[in-house]
Amino acid sequence: MAELSNRLTALLGIEYPIIQEGMGPFKTNRIAAAASAAGGLGTVSMPGMTKDPAVGSRLLRENIEQVAASTDRPFAVNVPVGRDAAGTVLPVSEAYIRAVVEARDSDSTLSRQLVALTTSAGFPGEFRPLIRDAGLVHMHKVGSTKHARKAEDAGVDVIIASGYEMGGHTHATPVHTFVLVPNITEAVSVPVVLSGGARDGRTLAAALALGASGVAMGTRFIATEDNTDWHTAYAQKILDAGEGDDMVFPAVYGPARGLHNAGVDRLLEIVRTNEMSQDELTRWKDEALIRAQEDGDVDNGAMPAGQVVSGIHELVSIAEFIPRMAAEAADILRRLAGVGQPVH
Ligand SMILES: Cc1cc2nc3c(=O)[nH]c(=O)nc-3n(C[C@H](O)[C@H](O)[C@H](O)COP(=O)(O)O)c2cc1C
């Protein structure tokens, strides 16, 4: 829909300002390829924070190549950036950043299609020159205006403003999307993408009204016909969940939002009783995510999901959903443009 084209779509080379965000540690290869093929931007997810860096970067490269083989459109890769107690970027996060840069450098198809790196959690300031020189659009996800300003000052190209209602790792200071996004669009001049709570054309139109250039979604893309990498039981839980079925629990980098189940209760117990070392706990959390995403253990696994689950009731096909969402937003904006005009 040409009428929703803007500087974000131009920068990324996409048709619609709609992004499928990273949802590690399991694969999002199929939904990424489908989102890109439908005119949005798909994102390859990182394969886990407790992987041996060499193993992790090989898996990430395989996922990148799988997506490139499934669509000829542009796509992104997400790398959450962890730091150790001394403040050094974790070896696995560094390995993932380097794997993305190397993939882009090594292959002419990838250098055309792998257009963006989305970093999240910590900010990889020391890797900015590497990311910039690789020609990647650097998008960084933040939950506060302070972090948005810091990322813009460091040269980031796009800010993803994610509100507290988001699924997955959320923020220590709870600022909701409706408050956060206009705060950030006022504070920075690079394009801003709204994340957290988006699910349809109405939410895309609202994002544009708040000054954002597009939306990014996680939870909505889990419940899609294209998500055949994941166990269907997870998507069914998203469809069944209502208001109040989500909660915030301690995750790998601070709080995360997901569905309440026995797995989350067990996690809270492990944290309370201090029965595991930090390393053991991080591994337990990574495995709990994989248990739900890959094996469909929706009782004992961990199921990140946003509050938006309460508004998601049907499995959609990404090829139909993305253009429909854009058309719906454009239609709403056209109709609202007439509001306030005198009626003759
Ligand atoms: C299952 C799941 C896994 C996620 N994993 C990651 C991740 O690996 N890296 C990341 O930056 N964000 C992750 N997120 C957050 C999403 O990228 C996105 O910011 C969030 O889902 C947006 O809010 P929404 O769920 O309301 O659409 C995850 C979210 C979900 C639901």
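In each ligand, atom 1 is the first atom listed, and ligand 1 is the first ligand listed. Predicted model only: the values in this text are computed from it and were never measured.
Nearest protein heavy-atom contact of atom 18 (C) of ligand 1 is Glu21 OE1, 3.0 Å. Among protein heavy atoms, the minimum distance from atom 11 (O) of ligand 1 is reached at Ser120 OG, 2.6 Å. Scanning all protein heavy atoms for the shortest distance to atom 22 (C) of ligand 1 gives Ser195 OG, 3.2 Å. In this structure, the protein non-hydrogen atom closest to atom 10 (C) of ligand 1 is Asn78 OD1, 3.3 Å. Of all protein heavy atoms, the one closest to atom 21 (O) of ligand 1 is Gly218 CA, 3.3 Å. Considering only non-hydrogen protein atoms, atom 26 (O) of ligand 1 sits nearest to Gly197 N, 2.8 Å. Considering only non-hydrogen protein atoms, atom 13 (C) of ligand 1 sits nearest to Gly22 O, 3.1 Å. When only non-hydrogen protein atoms are considered, atom 25 (O) of ligand 1 lies nearest to Thr219 OG1, 2.5 Å.
The part of Trp230 lying near ligand 1 is the side chain, judged by heavy-atom distances below 4.0 Å.
Interatomic distance, Ser195 OG to Ile159 CD1, rounded to the nearest 0.5 Å: 13.0 Å.
Atoms of ligand 1 lying under 4.0 Å from any heavy atom of Met46, numbered from 1 in the order shown and given with element: 8 (O). Atoms of ligand 1 lying under 4.0 Å from any heavy atom of Pro80, numbered from 1 in the order shown and given with element: 9 (N). For ligand 1, the atoms closer than 4.0 angstrom to any heavy atom of Tyr234 are 1 (C). Short contacts between ligand 1 and Gly196, defined as distances under 4.0 Å to a heavy atom of the residue, involve ligand atoms 22 (C), 23 (O), 26 (O). Interface atoms of ligand 1 facing Gly168, defined by a heavy-atom separation under 4.0 Å, are 28 (C), 29 (C). Listed by number with element, the atoms of ligand 1 under 4.0 angstrom from any heavy atom of Val308 are 26 (O).
Leu8 and Tyr16 fall into different hydrophobic clusters, where Ile, Leu, Val, Met, Phe, Trp and Tyr residues are linked whenever their side-chain heavy atoms come under 4.5 Å apart, directly or through other members.
Salt bridge status for Arg83 with Glu126: present, with a side-chain N to carboxylate O gap under 4.0 Å. Residues Arg199 and Glu165 are not paired through a salt bridge, judged by the lack of any N-O separation under 4.0 Å between the basic side chain and the carboxylate. Under a 4.0 Å N-O distance rule, the pair Arg283/Glu280 does not qualify as a salt bridge. Glu94 and Arg98 are joined by a salt bridge, as a carboxylate oxygen and a charged side-chain nitrogen come within less than 4.0 angstrom of each other. Between Arg61 and Glu102 no salt bridge is recorded (no basic side-chain N to carboxylate O distance below 4.0 Å).
Residue Ala305 has no N or O atom closer than 3.5 Å to an N or O atom of ligand 1. Polar contact check, Gly167 against ligand 1: a nitrogen or oxygen pair lies under 3.5 Å apart. Between Gln293 and ligand 1, no pair of N/O atoms sits closer than 3.5 Å. An N or O contact shorter than 3.5 Å links Gly24 to ligand 1 by distance. Inclusion of Lys141 in the set of residues having an N or O under 3.5 Å from an N or O of ligand 1 is warranted.
Aromatic pair His147/Phe123: centroids not less than 6.0 angstrom apart.
A donor atom on one side chain and an acceptor atom on the other are not found under 3.5 Å apart for Thr282 and Asp279. With 3.5 Å as the limit, one finds no donor-acceptor pair spanning the side chains of Arg257 and Thr170. Between the side chains of His171 and Ser162, at least one donor N or O lies within less than 3.5 Å of an accepting N or O.
Screening Val77, Leu60, Leu90 against Tyr96 for a side-chain contact (heavy atoms from CB on, under 4.5 Å) leaves a single residue, Leu60.
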